[in-house]
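Here's the structure, in structure tokens; my notes come after.
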Amino acid sequence: MVIASPAAAQDAAPQPAQPAAAPAPQQQSANTDADKKKITISILYAKQDRTEEELPLSMLDLPAADDGIAGAKLAIADNNTTGRFLNQAYKLDILNGSVDDLIQGATEKVDAGDNFIIADMEPDALLKFADALKGKNALIFNVGNPDDRLREEDCRANVLHVAPTRSMLTDALAQYLVWKQWRNWLLVYGPTPEDKLLADAYRRSAKKFGGKIVQELEFKQDTGSRRADGGYEQVQQQIPTFLQNAKDHDVIIIADEKHLFADYFPFRTWVPRPIAGSAGLTAASWHPALEFWGGTQFQHRFRKLNSRLMRNIDYDAWVATRAIGEAATRKHAGDFESLRAFIKSPDFEVAAFKGVATSFRTWNGQLREPLIVGTAKLPVSVSPQAGFLHQTSVLDTLGYDKPETKCKAYTQ
């Protein structure tokens with residue numbers, strides 16, 4: 001914000017005010033030209049319907065109807081705050097539906113000028129959506145999916161990824177556990193395909209940072225009617241029995257991506273051990289109690305606008321929307337080609353209430369950022385941890401680094 005200082009007082013006596021002269025024809029023309037130069041940037045939020053998902057274990061984790069959208073709306077307001085000084089305006093369009101509905105609607109919106117799309121979709125739906133828009137003036141920001149393959153063997157040149165990958169999340173937690181010298185892990189994973197992918201990511205992180213998985217257990221037991229009277233008694237017996245013969249370990253890491261059973265484990269184990277992963281100590285892109293780096297006022301603004309706490313997907317959508325606004329501000333432009341090229345360039349950075357500037361990896365389009373390690377109530381630490389070094393950026397110690405990437409779309 002620039003604050004203008006008062007004009008210096010003049011030595012001469014003030015002269016009588018003269019009647020205002022009518023603007024000359026050339027002045028009128030200049031004003032008209034200025035009005036024409038106002039830039040409007042339209043952003044589309046495309047959210048896939050997921051009607052078959054099972055409810056989370058805790059009522060506290062029930063998703064809001066505007067998950068993600070609320071974060072994008074806050075970023076639109078932030079973009080417009082800066083934009084009005086630069087003759088820029090931002091607006092948000094929202095689409096909900098099946099992937100086919102989203103493709104049809106997005107195609108029409110892109111043709112009408114919505115060149116930037118925030119996508120909250122399942123992995124195969126996102127790939128289908130990106131392929132349908134290939135060759136069009138569209139840049140897609142993935143905020144809804146952590147699949148590493150979307151950034152690696154199945155990467156697409158028209159997709160950037162704001163949501164952290166599974167490998168980033170498990171690396172962030174692994175760094176903290178290794179820093180604490182809690183190196184012996186008991187890995188418990190669930191029956192879903194996502195749980196198995198998350199377990200694979202923990203195995204990779206253990207090998208990468210020096211953790212040791214002393215034993216693996218697959219949790220298949222039916223925990224009964226969790227909302228029925230006496231349900232807690234059944235769980236209270238099942239969990240310790242499940243862990244009774246486990247090998248000695250420092251910490252239990254649970255891979256339960258959909259949060260269907262992990263929260264049963266704290267304080268129900270056979271021996272007293274900390275819980276991490278999908279319950280207890282977790283890693284995420286955001287935390288609803290983060291107050292570092294200006295986070296307090298950021299949290300208050302979100303609550304004032306949406307009357308609830310900010311969730312991870314809200315934060316990811318905010319970052320995606322702010323990245324577009326940051327590019328337009330710094331380039332003093334609104335045309336798609338200029339903004340896309342700048343956002344994907346090594347020179348681009350966007351502040352994200354993380355203490356350091358965040359940016360997109362040039363080899364697979366993933367946002368590099370610090371991740372919050374915390375409990376349900378408070379942040380505990382921030383990864384990367386001290387001592388984990390990198391030749392270019394310590395942020396690249398989280399997830400797949402450039403020498404490991406399988407992405408070809410970004411190098412063609």
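Note that the coordinates shown come from a computational prediction; the quantities given were computed from them, not determined experimentally.
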Quiz question: by atom type and distance under 3.5 Å, do the side chains of [X] and [Y] form a donor-acceptor pair?
X: Asn364; Y: Thr405; result: no
X: Ser278; Y: Glu257; result: no
X: Asp61; Y: Ser58; result: no
X: Gln366; Y: Arg361; result: no
X: Thr241; Y: Gln237; result: no

Does [X], at its [atom1] atom, have more than 12 non-hydrogen atoms belonging to other residues, nucleotides or ligands within less than 6.0 Å?
X: Lys331; atom1: NZ; result: no
X: Gln104; atom1: CD; result: no
X: Trp179; atom1: CH2; result: no

When you measure from the side chain of [X] to the backbone N and O of [Y], does any donor-acceptor pair fall under 3.5 Å?
X: Gln385; Y: Gln175; value: no
X: Lys406; Y: Arg149; value: no
X: Lys208; Y: Gly399; value: yes
X: Asp256; Y: Ala262; value: yes
X: Glu326; Y: Ala351; value: no
X: Asp250; Y: Asn184; value: yes
X: Arg303; Y: Gln299; value: no
X: Asn306; Y: Phe302; value: yes
X: Asp335; Y: Ser338; value: yes
X: Thr81; Y: Ala77; value: yes

Reported [atom1]-to-[atom2] distance for the pair [X] and [Y], which is rounded to 0.5 angstrom:
X: Arg50; Y: Asn96; atom1: CZ; atom2: CG; value: 11.0 Å
X: Thr397; Y: Gln391; atom1: OG1; atom2: CD; value: 10.5 Å
X: Cys155; Y: Leu127; atom1: SG; atom2: CG; value: 10.0 Å
X: Asn158; Y: Phe129; atom1: CG; atom2: CZ; value: 9.0 Å
X: Lys304; Y: Leu74; atom1: NZ; atom2: CG; value: 11.5 Å
X: Tyr176; Y: Lys180; atom1: OH; atom2: NZ; value: 4.5 Å

Is the shortest side-chain heavy-atom distance between [X] and [Y] below 4.5 Å?
X: Tyr315; Y: Val162; value: no
X: Arg204; Y: Tyr400; value: yes
X: Arg183; Y: Lys212; value: no
X: Pro379; Y: His287; value: yes
X: Thr321; Y: Ile118; value: yes
X: Leu281; Y: Val380; value: yes
X: Arg268; Y: Val235; value: yes
X: Tyr45; Y: Val143; value: yes

Report task. Given side chain to side chain contact (heavy atoms under 4.5 Å, CB included), test Leu150 with Leu126 step by step and report yes or no. Result -> CA-CA 9 Å; Leu150 298 178; Leu126 180 63; 3.8 Å; yes
Is the gap between the ring centers of [X] and [Y] under 6.0 Å?
X: Phe116; Y: Phe336; result: yes
X: Phe242; Y: Phe219; result: yes
X: Phe388; Y: Phe209; result: yes

Query raised in the report: What side-chain hydrogen bond (donor to acceptor under 3.5 Å, both in side chains) pairs are there with at least one residue in residues 70-79, not counting sequence neighbours?
Result: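 The answer is Asp78-Arg301, Asp78-Trp318, Asn79-Arg322.
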Ignoring hydrogens, what is the shortest heavy-atom contact between [X] and [Y]? Give both atom names and the distance.
X: Val178; Y: Gly210; answer: CG2-C, 4.5 Å
X: Trp182; Y: Pro274; answer: CZ3-CG, 4.5 Å
X: Ser205; Y: Thr170; answer: OG-OG1, 2.8 Å
X: Asp120; Y: Gly144; answer: OD1-CA, 3.5 Å
X: Asn137; Y: Asn115; answer: O-ND2, 2.8 Å

Query - Member of Ile254, Ile275, Thr375 meeting the side chain to side chain contact (heavy atoms under 4.5 Å, CB included) criterion with Pro266 - result: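 The option that passes is Ile275.
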Requested in this report: Mind running side chain to side chain donor-acceptor pair (under 3.5 Å) on Asp401 and His390 for me, showing each step along the way?
Outcome: CA-CA 10 Å; Asp401 201 357; His390 190 274; 2.6 Å; yes
[Y]/[X] salt bridge by N-O under 4.0 Å criterion:
X: Lys47; Y: Asp66; value: no
X: Arg368; Y: Asp396; value: yes
X: Asp131; Y: Arg156; value: yes
X: Asp93; Y: Lys91; value: yes
X: Asp314; Y: Arg311; value: no
X: Asp195; Y: Lys258; value: no
X: Arg166; Y: Asp200; value: no

Report task. Report the C-alpha separation of Leu57 and His259 in whole Å, then their side-chain angles, then the decisive distance to 0.1 Å, and conclude whether the side chain to side chain contact (heavy atoms under 4.5 Å, CB included) test is met. Result -> CA-CA 6 Å; Leu57 190 60; His259 299 281; 5.6 Å; no
Query - Partners passing side-chain hydrogen bond (donor to acceptor under 3.5 Å, both in side chains) against Thr282 (at least two apart in sequence or in another chain) - result: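 By the side-chain hydrogen bond (donor to acceptor under 3.5 Å, both in side chains) rule, Thr282 matches no residue at all.
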Query - Derivation of the side chain to side chain contact (heavy atoms under 4.5 Å, CB included) call for Gln48 and Leu102 - result: CA-CA 7 Å; Gln48 181 186 9; Leu102 296 177; 4.1 Å; yes
Report summary line: Quick note, salt bridge (charged side-chain N to carboxylate O under 4.0 Å, His left out) partners involving residues 283-295, not counting sequence neighbours, are none
Requested in this report: Run the numbers on Trp286 and Phe353 for side chain to side chain contact (heavy atoms under 4.5 Å, CB included), then give the verdict.
Outcome: CA-CA 10 Å; Trp286 189 244; Phe353 296 97; 4.2 Å; yes
